[in-house]
Amino acid sequence: MAMSQDELKALVAKAALEHVPEGAVVGVGTGSTVNMFIDALATIRSKVAGAVSSSVKSTERLLGHGIAVLEANAVARIPVYIDGADEIDHGGNMIKGGGGALTREKIVADLADRFVCIADASKLVKTLGKFPLPVEVIPMARAQIMRRLKDLGGDPQPRHNYVTDNGNQILDVRGLSITDPLAMETAINQWPGVVEVGIFAVNRASVCLLGTPDGVRRLDF
Ligand code: 5RP
């Protein structure tokens with residue numbers, strides 16, 4: 001029988017445990033796949049020193065399992081960051097932020113030596129951009145940033161009734177075909193009032209564990 005999307009997510013969440021070195025502080029992302037990873041991490045709780053979390057939601061889940069959560073400022077480097085993605089291309093570049101946690105996710109990813117992406121096979125794409133690109137903005141700059149995103153050919157919409165953990169707004173941008181993720185990430189992040197764009201090219205995945213009906217497919221980048 002075909003596996004459901006949730007079963008595929010559970011499969012890669014469990015497989016990610018092999019990428020957690022003993023005694024490590026682990027970087028933990030946000031989302032439904034990561035929730036399953038946190039539940040799996042709880043089974044080896046005594047073998048990890050703790051976690052650096054990318055969202056209030058993940059922090060609550062980690063603490064609920066009795067896993068210590070450290071401040072990002074308290075660690076210099078961490079060996080691994082584990083997170084999902086909304087889209088990932090064949091170069092390991094990703095769109096993230098469907099769950100709104102993109103800024104903290106990028107901060108924790110930037111602390112890590114390796115980014116292990118866990119995703120079901122539907123997330124693998126040829127070109128990023130079908131999934132609306134999230135951009136976290138300072139509210140005062142919203143209209144100016146929307147104009148600039150339109151100039152790039154996108155159709156930005158403020159995320160309704162949503163405030164990030166950092167107190168900012170999210171614009172979801174439809175209609176972009178992101179053929180050069182690094183260039184677009186770098187360009188958008190230069191605009192005043194952009195807190196972070198949900199393109200992860202600078203901090204792209206080192207490896208992706210992709211849940212497929214045939215099992216876990218590993219992609220190295
Ligand atoms: C949250 C994210 C998530 O990684 C992304 O939305 C994937 O989520 P899910 O595992 O629920 O499919 O970037 O900001």
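Atoms within a ligand are numbered from 1 in the order they appear, just like the ligands themselves. Numbering starts at 1 and runs along the sequence shown. Both backbone and side-chain heavy atoms feed into the values below; hydrogens, waters and symmetry mates do not.
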Give the single entry among G97, C117, G98 that approaches atom 13 (O) of ligand 1 most closely by any heavy atom.
G97
Which option out of K96, E105, M94 puts a heavy atom nearest to atom 14 (O) of ligand 1?
E105
How far is [atom] from the closest protein heavy atom, and which atom is that?
| atom | value |
| --- | --- |
| atom 10 (O) of ligand 1 | T33 OG1, 2.5 Å |
| atom 9 (P) of ligand 1 | S32 OG, 3.3 Å |
| atom 12 (O) of ligand 1 | K123 NZ, 2.7 Å |

Out of the candidates K106, R204, K96, only one should pair with E185 under the salt bridge (Lys or Arg N to Asp or Glu O under 4.0 Å) rule; please name it.
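Of K106, R204, K96, salt bridge (Lys or Arg N to Asp or Glu O under 4.0 Å) with E185 is met by K106 alone.
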Heavy atoms only, cut-off 4.0 Å: how does A85 contact ligand 1, side chain, backbone, both, or neither?
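For A85, the contact with ligand 1 is made by the backbone alone.
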Ligand-side contact atoms (ligand 1) for residue partner [X], heavy atom cut-off under 4.0 Å:
| X | answer |
| --- | --- |
| A101 | 14 (O) |
| G99 | 1 (C), 6 (O), 14 (O) |
| G84 | 4 (O) |
| G100 | 14 (O) |
| D83 | 4 (O) |
| D86 | 5 (C), 6 (O), 7 (C), 13 (O) |
| T30 | 1 (C), 2 (C), 3 (C), 4 (O) |

List the steps, then state whether side chain to side chain donor-acceptor pair (under 3.5 Å) holds for K9 with S32.
CA-CA 8 Å; K9 287 180 183 183; S32 57; 2.8 Å; yes
Among T212, L209, D120, exactly one meets side chain to side chain contact (heavy atoms under 4.5 Å, CB included) together with V12. Which residue is that?
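So the option named by the test is L209.
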Between D172, V173, I199, which is the residue that forms a side chain to side chain contact (heavy atoms under 4.5 Å, CB included) with P134?
D172
Search all heavy atoms of H19 against all heavy atoms of P21 and return the closest pair with its distance.
O-CD, 3.3 Å
Which atom pair, heavy atoms only, marks the closest approach of R104 to N166?
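R104 and N166 have their closest heavy atoms at NE-OD1, 2.9 Å.
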Same cluster (ILVMFWY, side-chain, under 4.5 Å), L41 and L63
yes
Are I95 and L171 linked, directly or through other ILVMFWY residues, by side chains that come within less than 4.5 angstrom of each other?
yes
Go through it in stages, so that I can follow the logic: the residues are S53 and S58, the test is side chain to side chain donor-acceptor pair (under 3.5 Å), and I'd like the CA-CA distance, side-chain angles, deciding distance and then a yes or no.
CA-CA 6 Å; S53 168; S58 290; 4.7 Å; no
